[in-house]
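First up is the structure itself, then whatever we jot down about it.
Throughout, protein chains are lettered first and strands after them, A, B, ... in sequence-line order, and every chain is numbered starting at 1.
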2 protein chains.
Amino acid sequence: MDIEQTKIPQATAKRLPLYYRFLNNLHTQGKLRVSSKELSDAVKVDSATIRRDFSYFGALGKKGYGYNVEYLLSFFRKTLDQDETTRVALIGVGNLGTAFLNYNFTKNNNTKIEIAFDANEERIGSEVGGVGVEHIDDLEEKLGDISVAILTVPSSAAQGIADRLVKAGISGILNFTPARISVPSNVRVHHIDLAIELQALVYFLKHYPLNEEEMEEDQ
Amino acid sequence: MDIEQTKIPQATAKRLPLYYRFLNNLHTQGKLRVSSKELSDAVKVDSATIRRDFSYFGALGKKGYGYNVEYLLSFFRKTLDQDETTRVALIGVGNLGTAFLNYNFTKNNNTKIEIAFDANEERIGSEVGGVGVEHIDDLEEKLGDISVAILTVPSSAAQGIADRLVKAGISGILNFTPARISVPSNVRVHHIDLAIELQALVYFLKHYPLNEEEMEEDQ
DNA sequence: CGTTAGTCGTTAAAGATTTCACATACTTCA
DNA sequence: TGAAGTATGTGAAATCTTTAACGACTAACG
Ligand SMILES: NC(=O)c1ccc[n+]([C@@H]2O[C@H](COP(=O)([O-])OP(=O)(O)OC[C@H]3O[C@@H](n4cnc5c(N)ncnc54)[C@H](O)[C@@H]3O)[C@@H](O)[C@H]2O)c1
Ligand SMILES: NC(=O)c1ccc[n+]([C@@H]2O[C@H](COP(=O)([O-])OP(=O)(O)OC[C@H]3O[C@@H](n4cnc5c(N)ncnc54)[C@H](O)[C@@H]3O)[C@@H](O)[C@H]2O)c1
């Protein structure tokens with residue numbers, strides 16, 4: 001439908017949801033305009049980077065003025081497909097899975113966990129955070145056309161479940177298990193490895209001491 | 001004490017805990033040697049990148065042989081300070097905080113959540129995953145010399161708590177709230193923004209379709 | 001209406017990271 | 001012992017990302 005604009009750098013793409021969220025905040029606060037500098041202070045991304053990021057989408061701002069919040073927000077809403085909701089399945093209703101179900105990413109968000117699966121009989125049929133929990137044996141049958149899955153099963157089960165998800169036609173998996181799963185090249189997996197994030201932070205603290213001069217940077 | 005080797009690239013540093021974990025797995029399985037190619041298949045990082053990463057620490061392998069698992073493991077154990085345990089505090093014993101406390105990053109890990117804080121009177125004095133929950137009012141008093149904090153409070157409370165943590169002498173914060181907190185430049189904050197990770201995955205699925213040819217890459 | 005202060009979009013430079021490709025050196029096996 | 005096979009470590013190239021700098025333009029105000 002749309003002409004696919006020349007592809008945005010990945011680093012930029014990862015920042016878009018962040019921009020969108022803060023734009024939403026500003027809009028809620030009734031702000032009419034914003035500069036790259038202000039946004040920079042809020043999201044902790046260099047203002048030149050923000051301008052560069054925005055510029056991949058064309059000229060969204062006005063020189064000497066900044067950006068119109070309403071306009072920018074509606075532009076990103078379209079770009080990030082915030083109008084259509086992406087349906088998500090969650091596999092593994094344990095500690096982490098339960099937390100996600102209770103949260104359900106509902107604020108300013110275009111994603112919704114619609115169904116959950118677990119192997120533990122006790123959980124089947126219950127609702128967690130308003131989402132029904134189905135038996136993992138019914139995965140293929142009940143997944144329907146859901147294309148994104150959050151994986152929060154024990155790591156020993158991760159590859160097996162991933163294989164089944166792939167067979168059932170999934171496109172993307174957000175993998176919270178420490179297992180590095182293998183999938184066909186047409187399926188996208190993002191790993192969020194919380195233990196590693198914590199270890200990495202500790203490593204940076206020991207080996208990359210920050211001094212008073214240099215500014216800390218994120219992620 | 002040690003001569004600080006020329007600083008390792010940040011991208012490399014973030015992969016070290018991953019390597020360490022898989023080396024541990026191999027060791028447990030009784031494997032004696034491993035090649036960069038094998039490791040690559042396991043952790044889904046290009047083998048040249050692995051060799052390059054390792055090479056920053058000197059010549060750890062042997063040409064024509066590969067790497068000795070035991071040696072490599074013990075080397076990384078030292079490098080990653082796996083022998084000393086870093087004590088961690090968790091602030092906000094809600095959905096996410098409870099999940100982390102129950103998990104407590106105990107496997108192959110050099111970190112331990114030792115104390116938790118919450119504002120909700122009902123939780124105070126209880127134990128979650130073997131960790132005592134203290135009142136947030138006692139933060140400064142009970143934090144002691146803990147230098148790392150996990151932040152899982154509502155985003156509205158994030159900046160206030162961060163300020164208190166900084167005053168109490170914290171060095172690093174793993175921030176799970178959507179708030180981008182401000183801290184002095186000598187404190188390191190890593191943001192893990194789960195809602196954004198999910199949105200970014202959805203964005204990539206729509207705008208960066210993977211075909212049969214190209215390999216998906218991580219995170 | 002002209003001046004001042006402010007801000008974008010972009011060119012170019014710098015910096016960081018990944019990947020290629022191969023000389024070198026070790027292992028294995030006959 | 002020698003030949004064949006294997007896999008490292010790294011120089012050089014390619015790619016990706018961030019940052020600096022500034023010309024062009026706007027808004028606001030006296
Ligand atoms: N909880 C944390 O803080 C944390 C931190 C880092 C990583 N992780 C990882 O996240 C994953 C989940 O952690 P958790 O603490 O929620 O574990 P958990 O044991 O509490 O939950 C796992 C859930 O998966 C279900 N399950 C097991 N096998 C299944 C299968 N074959 N199909 C469907 N469901 C199945 C179990 O019944 C359980 O409800 C693990 O891989 C863990 O390593 C968790
Ligand atoms: N749960 C998720 O899946 C999820 C996903 C993405 C982001 N987050 C973010 O993580 C954070 C925590 O989420 P959650 O679902 O666990 O929320 P939650 O409401 O379940 O837990 C927050 C906890 O913090 C405590 N608290 C409130 N104010 C406090 C204060 N001033 N000092 C100390 N404790 C205080 C509350 O008593 C509660 O126990 C939030 O910022 C949320 O946006 C959560």
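Of the side-chain N and O atoms in B:Tyr65, none sit less than 4.0 angstrom from OP1 or OP2 of D:dG9. Applying the 4.0 Å criterion to OP1 and OP2 of C:dT28, one finds that B:Arg33 has a side-chain N or O inside that range. Within the structure, a side-chain polar atom (N or O) of B:Lys62 is placed less than 4.0 Å from OP1 or OP2 of C:dT27. Put simply, B:Ser36 has no side-chain N or O that comes within less than 4.0 Å of OP1 or OP2 on D:dA7.
The distance from atom CG of A:Leu143 to atom CD1 of A:Ile170, rounded to the nearest 0.5 Å, is 5.0 Å.
Following rounding to the nearest Å, A:Lys63 (NZ) and C:dT7 (C1') show an atom-to-atom distance of 9 Å. One can place NZ of A:Lys37 at 14 Å from P of D:dT19, the figure rounded to the nearest angstrom. Between the OH atom of B:Tyr67 and the C1' atom of C:dC26 there is a distance of 14 Å, rounded to whole Å. In this structure, CG of A:Leu60 is placed 14 Å from C1' of C:dT10, rounded to the nearest angstrom. Atom CD in B:Glu38 sits about 12 Å away from atom C1' in D:dT6, given to the nearest Å. In this structure, the CG atom of B:Asn68 is 11 Å from the P atom of C:dT27, given to the nearest Å.
The closest donor-acceptor contact from the side chain of A:Arg33 to the backbone of A:Tyr65 lies under 3.5 Å. Using modelled atom types, no side-chain atom of A:Glu84 and backbone atom of A:Asp81 make a donor-acceptor pair closer than 3.5 Å. The main-chain N or O of A:Phe76 is never found under 3.5 Å from a side-chain atom of A:Thr79 such that the two would form a donor-acceptor pair.
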remark   = Given protein heavy atoms under 4.0 Å, the one-letter contact record of nucleotides 12-20 of chain C, with B base, S sugar-phosphate only and - none, is simply B----SSB-
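Using a 4.0 Å cut-off between charged side-chain N and carboxylate O, A:Lys37 and A:Asp41 make a salt bridge.
Along DNA chain C, the nucleotide closest to A:Gly64 and the one closest to A:Gly61 are compared, and the more 5′ of them pairs with A:Gly64.
B:Phe54 comes within 4.0 angstrom of nothing in the nucleic acid, heavy atoms only.
The shortest distance between side-chain heavy atoms of A:Ile136 and A:Arg164 falls below 4.5 Å.
A side-chain contact (heavy atoms from CB on, under 4.5 Å) with A:Arg87 is found for one member of A:Ile113, A:Ile115, A:Asp145 and no other, namely A:Asp145.
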